[in-house]
Amino acid sequence: MEKVKEFFADKTSKMTKNDWIILGIITLIYAVISFIRLGSFTNPQTFSEYRQGESIIIEVEGDAKYISKMRHFSGEDTGTYKLYTSADGTEYRELATVKDETVFFWKDTSISQTIKYIKLELTTNIGYIGEIGLYDQDGNLVGLTAISEKDKMLVDEQDTIPETISHMNSVYFDEVYFPRTAYDYLHGMKAYEWVHPPLGKLIQMIPMIFMGMTPFAYRLMGNLAGILMVAVIYVLGKSMFKDSKYAMLAGLIMAFDNFHFAQTRMGTVDSFLVLFIMLSALFMYKYLLLNKEDPLKQKLKYLFYSGLFFGCSVAVKWTGLYAGLGLCIMFFGKMIKDCIQVRKFDKEYLKIMLACVLYFIIIPCAIHVVCYLSFPNIQPNGVYSIGDIFKQIEQMYTYHSTLVAEHPFTSNWYTWPIMQKPVWLHVSYPADGMKSTIVGLGNPAIWWVGILGMIFVAFRTIKNTKMEDIFMTIMILTSWLPYALIGRIMFMYHFFPTLPFVMLTIVALIQQLDKLTKRNWIMIAYIILIIVMFWVFYPVTSGVTMTMEQVKNFLWLKTWYF
């Protein structure tokens, strides 16, 4: 016990060797968990483009065979096809209509006939197919030959056809937008998703250059961002609470939150948004800790990184501006406080102000411009100049401000902390009576305790005005309350940028309870609780296959549906 106390003895805001050891262990544990069944390393990489009226003819090798079903993989754009079968290649009989409902997705179509040929005729404007597989009555793939040269790309990667269709090999939820657009960037096609700035998709594109359009590739960068978020909250916790054990608690809370786990393993751009917000807040907090006597160079360094990551967050999604408002309030609050204390506004403040114009305005704008001009072929119009970028921004604003839509999992901003309506992200049925589901659901021991943490910090902010309490309160309010003014549909995942700061309020609450009891048993008990609850909800936040009855056991609230 004495050695443990000695290990956690440091009471400063600086990271020590022991901190890096603890941080390394937590990050490694989470990294291992997060990479388990992240996504398949293989999927078709060659696609054929078809136009309305074009046909695909595939021949079964050898004699005619009984074919139970067809499995095919859609490409960058969906199509609708008429499916015909033939025993001799001369007379074809229409069997079904095959409609691709989403991109980069495996789909099964029942055939249940003895045939020699299948023909697919596109009835919509455009369609892409990556691979086609036919199964015999025993569920085995049969050998195929393409009639035309163009169709050969549909039977050249038979080893990529999966045994079962699942989240492991197909896109789900908003992956229909972001990886698809990253694929467009990589292949010089018109960028499909244009209602958010490009940076997140550009980051997502990087692994695709080396690994192709596979689920593992388009989820990799988001998962790495989720791992880095664990490290950032540890460093931020150490800066705020000046105690390694509470920094450790902050890291563990994020590492064992099911929502953070589910959201960052999905191929969307929210992971980058939250990571950049956290980094920007971390460096602003380090700036807030500095005194008037500290070197100007150090102050400018922290402000530069804060502005840089703020710019990156806004270049992923505009909601980074909400957190930027919090940074602005704290920056000017510190400056006003310092001026009152020294009773003058000297040249150093002027230098800092001018530097911040560069760091928080010019550099973020430059990041935006570079991101757009690096890939100008963005719908609905190209962006080949600064003027085009302004047109694009205007269209983005019009889209978000006038959006009228309905969705079964939309929820009001004030219901997010209680997780009234989590977003159901994916479902598949691998076998009769079995279900694999992924839901954007938080760890109840974190989210519901986080409500108490927010209340505690809010009251303490009014009473004691500690810097860490003001910091948490401002970041929570500015990243969350703006949604009260938004009229369009919203979802629980919009609370994601607020979540790290809610987690820090839990650490503040546990720290206070430990001081009152003069023991660490509350923190230890809480760590055990969040780990247990993480594993309890792990199956429905990772896509583990269960029975239908087992899934029902997770529906703790009447409003939960998945």
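Numbers for residues simply follow the sequence, beginning at 1.
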Run the ring-centre check on Tyr538 versus Phe261 and record whether the distance is less than 6.0 Å.
yes
Assess whether a salt bridge exists between Glu101 and Lys99, defined as any Lys/Arg side-chain N lying under 4.0 Å from an Asp/Glu carboxylate O.
no
For Trp556 and Trp560, take the angle between the two ring planes, folded into 0 to 90°, and tell me which bin it lands in: parallel under 30, tilted 30 to 60, perpendicular over 60.
parallel
Could you tell me the separation between the CG atom of Leu504 and the CE atom of Met278, rounded to the nearest 0.5 Å?
7.5 Å
Side chains of Gln45 and Asn43: closer than 4.5 Å at any heavy-atom pair?
yes
With heavy-atom distances below 4.5 Å as the criterion, would you say the side chains of Trp106 and Glu131 are in contact?
yes
Can you tell me how far the CD1 atom of Ile26 sits from the CD1 atom of Ile227, to the nearest 0.5 Å?
13.5 Å
Pair Phe259 + Tyr493: ring centers closer than 6.0 Å
no
Using the rule side-chain contact (heavy atoms from CB on, under 4.5 Å), only one of Thr109, Asp108, Ile129, Thr80 pairs with Val98; which is it?
Thr109
CA sep, side-chain torsions, deciding dist, call: Glu76, Glu49, side-chain contact (heavy atoms from CB on, under 4.5 Å):
CA-CA 9 Å; Glu76 197 275 343; Glu49 175 188 329; over 6 Å; no
Just so I know, are the side chains of Tyr172 and Ser428 near enough to count as touching, which here means a heavy-atom distance under 4.5 Å?
no
Closest heavy-atom contact between Pro179 and Gln204?
N-OE1, 3.5 Å
Measure up the Tyr81 and His72 rings against each other and bin them: parallel (under 30°), tilted (30 to 60°), perpendicular (over 60°).
perpendicular
Any donor-acceptor pair under 3.5 Å from Thr461 side chain to Asp469 backbone
yes
Does the side chain of Ile132 come within less than 4.5 Å of Leu120's, by heavy atoms?
yes
Quick test of your reading: applying side-chain hydrogen bond (donor to acceptor under 3.5 Å, both in side chains), list the pairs with at least one residue in residues 185-198, sequence neighbours left out, ordered by first then second residue.
Glu193-Lys201
Identify the two heavy atoms, one from Thr545 and one from Ser436, that lie closest to each other, and give their separation to 0.1 Å.
OG1-CB, 4.0 Å
For a 4.5 angstrom cut-off between non-hydrogen side-chain atoms, does Thr268 reach Gln263?
yes
Less than 6.0 angstrom separating the ring centers of Phe104 and Phe47, yes or no?
yes
Between CG on residue Leu38 and CE on residue Met168, distance to nearest 0.5 Å
7.5 Å
Looking at the rings of Trp416 and Tyr483, which for Trp means the six-membered one, are their centres under 6.0 Å apart?
yes
Does atom NZ of Lys82 have more than 12 heavy-atom neighbours from other groups under 6.0 Å away?
no
Do you know the tightest heavy-atom contact between Ala182 and Met208?
CB-CE, 3.6 Å
Let me see the working for Phe276 and Leu199 under side-chain contact (heavy atoms from CB on, under 4.5 Å), right down to the final yes or no.
CA-CA 11 Å; Phe276 291 142; Leu199 182 57; 4.1 Å; yes
Does some side-chain heavy atom of Phe501 sit less than 4.5 Å from a side-chain heavy atom of Met454?
no
I'd like to check the side chain to side chain donor-acceptor pair (under 3.5 Å) partners of Ser34; sequence neighbours left out, ordered by chain and number.
Asn223
Taking the side chain from Asn443 and the backbone from Phe256, do they hold a donor-acceptor pair closer than 3.5 Å?
yes
Rounded distance [0.5 Å steps], OG1 in Thr181 versus CD in Gln379
8.5 Å
State, yes or no, whether a side-chain contact exists between Pro207 and Met221 at a heavy-atom distance under 4.5 Å.
yes
Separation between CH2 of Trp535 and CD1 of Ile530, rounded to the nearest 0.5 Å:
13.0 Å
Go through it in stages, so that I can follow the logic: the residues are Ile506 and Tyr526, the test is side-chain contact (heavy atoms from CB on, under 4.5 Å), and I'd like the CA-CA distance, side-chain angles, deciding distance and then a yes or no.
CA-CA 10 Å; Ile506 298 174; Tyr526 184 68; 3.6 Å; yes
Can you confirm whether the side chains of Gln420 and Ser411 place a donor and an acceptor under 3.5 Å from each other?
no
List the atom of Gly440, the atom of Met492, and the distance in Å for their closest heavy-atom pair.
O-CE, 3.0 Å
Identify the heavy atoms of Arg488 and Ile486 that sit nearest to each other, and give their distance.
CG-CG2, 3.3 Å
Quick one: do Phe534 and Ile33 satisfy side-chain contact (heavy atoms from CB on, under 4.5 Å)? Show the steps, please.
CA-CA 11 Å; Phe534 173 82; Ile33 297 170; 4.2 Å; yes
Of all heavy-atom pairs linking Leu441 and Pro422, the shortest is CD1-CG, 3.4 Å
In Å, rounded to the nearest 0.5 Å, how long is the span from CD1 of Ile165 to CZ of Phe105?
6.5 Å
Tell me whether Lys391 is salt-bridged to Glu394, with the criterion being a basic N under 4.0 Å from an acidic carboxylate O.
no
Hey, does the side chain of Thr415 reach the backbone of Asn412 with a donor-acceptor pair shorter than 3.5 angstrom?
yes
Side chains of Tyr218 and Val171, heavy atoms from C-beta outward: is any pair under 4.5 Å?
yes
Name the one of Phe562, Phe173, Tyr561 that satisfies ring-ring contact (aromatic ring centres under 6.0 Å, His included) with Trp424?
Tyr561
Could you check whether any side-chain N or O of Asp257 sits under 3.5 Å from a backbone N or O of Met254, counting only pairs where one atom can act as donor and the other as acceptor?
no
Between the side chain of Thr42 and the main-chain N/O of Thr160, is any donor-acceptor distance below 3.5 Å?
no
For a salt bridge (Lys or Arg N to Asp or Glu O under 4.0 Å) with Glu175, tell me which candidate from Arg265, Arg219, Arg180 qualifies.
Arg219
Test ring-ring contact (aromatic ring centres under 6.0 Å, His included) applied to Phe495 and Trp447, Trp413, Tyr322, the passing residue
Trp447
